[in-house]
Every structure is written in C-alpha cells, then in structure tokens.
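Reviewing the structure listed below.
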Amino acid sequence: QVQLVESGGDSVHARRSLRLSCVVSQYSYSRYCMGWFRQGPGKERERVAVIDSRGKTTYADPVKDRFTISLDNAEKTLYLQMNNLKPEDTATYYCAARFYPYYRSDYCSDLASTNYWGQGTQVTVSS
C-alpha cells in the first residue's frame with residue numbers, strides 16, 4: 001500500500017518562502033504522476049502543481065513563477081518550493097500520486113481521482 005506523508009507547513013508572513021515535502025513509501029510502477037493540491041477556507045480543492053515520470057511539470061496560473069515542484073526519486077520525496085507567498089495561498093496542502101502499469105500520453109489528467117493522498121499540511125500566510 002502506497003503511503004504519502006507531508007511536512008513543512010507553517011505560518012508565515014507574506015513574501016516569505018516555504019518548502020513542503022511529501023515522502024512516498026513506494027512506487028507501484030515506474031510510470032506515474034505526482035502533485036500538490038490545496039484547499040483554502042471556504043474554497044474547493046484545486047490542483048497546484050504536478051510532475052510526471054518524464055519530468056514534465058504543470059502549474060496552476062495563480063502559482064506560476066512563484067512555486068516549483070520537484071521530485072527526488074532516490075529519496076522518494078516530492079517537494080513544493082513556494083516563494084513570494086501571498087495571503088491567498090493560505091490552505092491545507094495535500095500531495096497525491098498515481099501510478100500506471102502502461103503507457104499514457106498524459107499521466108496527470110486524472111490525478112485528482114487517485115486513492116493515494118497525504119494527510120495534509122497547513123500553510124497560513126498573513127499580510
């Protein structure tokens with residue numbers, strides 16, 4: 001069973017930086033998508049950034065040029081570097097992973113429907 005454990009959430013002032021980490025217990029297959037989602041107070045969950053097994057990354061418009069997703073395969077750890085944080089970034093951040101035994105042209109299109117989620121880590125940004 002794949003388990004994901006996040007860490008790194010904190011309360012910070014605007015314009016500061018944070019790095020979130022997500023340790024993945026095991027990879028079911030070598031083809032995958034991993035990513036970060038967030039859910040702010042009174043908001044729906046939104047996809048923040050994803051990375052697939054080919055190294056392709058995709059970001060949501062509100063975080064482009066501020067957030068960077070990366071993956072250390074040796075450590076099985078997914079990161080989200082968040083710079084120039086804004087109050088609207090306040091949310092619980094969740095990591096997710098989905099693995100595929102077969103080739104797909106897009107590994108990340110249905111990441112939100114995966115069964116593998118972390119428990120969430122809180123990020124609070126004050127102005």
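We count residues from 1, following the sequence as given. Note that these values count all heavy atoms, side chains included, but never hydrogens, waters or copies made by symmetry. Only a predicted model underlies this, so the values are computations on that prediction, with no experimental measurement involved.
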Task: Co-membership, hydrophobic cluster, residues Leu78 and Tyr116, 4.5 Å side-chain - done: yes
Task: Separation of Tyr59 OH from Asp65 CG (nearest 0.5 Å) - done: 10.0 Å
Task: Approximate separation, where rounding is to 0.5 Å, of Met34 CE and Thr114 OG1 - done: 10.0 Å
Task: Heavy-atom pair of closest approach, residues Phe99 and Gln26 - done: CZ-O, 3.8 Å
- [ ] Would you check if the side chain of Thr90 reaches a backbone N or O of Val125 as a donor-acceptor pair within less than 3.5 Å?
- [x] yes
TODO: Please check if Leu71 and Val50 belong to a single hydrophobic cluster, counting links between Ile, Leu, Val, Met, Phe, Trp and Tyr side chain heavy atoms closer than 4.5 Å.
DONE: no
Open item on the list: Assess, by modelled atom type and distance only, whether the side chains of Arg47 and Thr58 contain a donor and an acceptor separated by less than 3.5 Å.
Closed with: no
Could you go through residues 10-22 and list every donor-acceptor pair under 3.5 Å that involves a side-chain atom there, pairing it with any protein atom two or more places apart or in another chain?
residue : atom : partner : partner atom : Å
His13   : ND1  : Ser126  : OG           : 3.0
Ser17   : OG   : Asn83   : OD1          : 3.0

Task: side-chain hydrogen bond (donor to acceptor under 3.5 Å, both in side chains) partners for Asp61, two or more places apart - done: Lys64
Open item on the list: Please determine whether residues Val63 and Leu80 belong to a single hydrophobic cluster, defined as Ile, Leu, Val, Met, Phe, Trp and Tyr linked transitively by side-chain heavy-atom distances below 4.5 Å.
Closed with: yes
TODO: Classify the ring geometry between Trp117 and Tyr94 as parallel (under 30°), tilted (30 to 60°) or perpendicular (over 60°).
DONE: perpendicular
TODO: Check whether Tyr93 and Val24 end up in the same hydrophobic cluster, where Ile, Leu, Val, Met, Phe, Trp and Tyr are linked by side-chain heavy atoms less than 4.5 Å apart.
DONE: yes
Task: Atom pair SG (Cys95) and CG (Leu4), whose distance is rounded to the nearest 0.5 Å - done: 4.0 Å
- [ ] Identify the two heavy atoms, one from Cys108 and one from Asp52, that lie closest to each other, and give their separation to 0.1 Å.
- [x] SG-CB, 3.9 Å
Task: N/O donor-acceptor pair under 3.5 Å between Asn73 side chain and Lys76 backbone - done: no
Task: 4.5 Å side-chain heavy-atom contact, Ser109 and Arg104 - done: yes
Open item on the list: With clusters defined by side-chain heavy atoms of hydrophobic residues (ILVMFWY) lying less than 4.5 Å apart, directly or transitively, does Trp36 cluster with Val2?
Closed with: yes
Task: Atom pair CG/CZ of Leu85 and Phe67 - distance to nearest 0.5 Å - done: 5.0 Å
Open item on the list: Using modelled atom types and a 3.5 Å cut-off, is there a donor and acceptor pairing between side-chain atoms of Thr77 and backbone atoms of Asp72?
Closed with: no
TODO: Output the distance between atom OH (Tyr32) and atom CD1 (Ile51), rounded to the nearest 0.5 Å.
DONE: 7.0 Å
Task: Test of ring centre spacing under 6.0 Å for Tyr100 and Tyr107 - done: yes
Open item on the list: On a heavy-atom basis, which atom in Arg45 and which in Ala112 lie closest, and how many Å separate them?
Closed with: NH2-O, 3.6 Å
Open item on the list: I need the Arg38 CZ to Glu46 CD distance, nearest 0.5 Å.
Closed with: 4.0 Å
Open item on the list: Has Gln119 got a side-chain atom pairing as donor or acceptor with Val5's backbone, closer than 3.5 angstrom?
Closed with: no
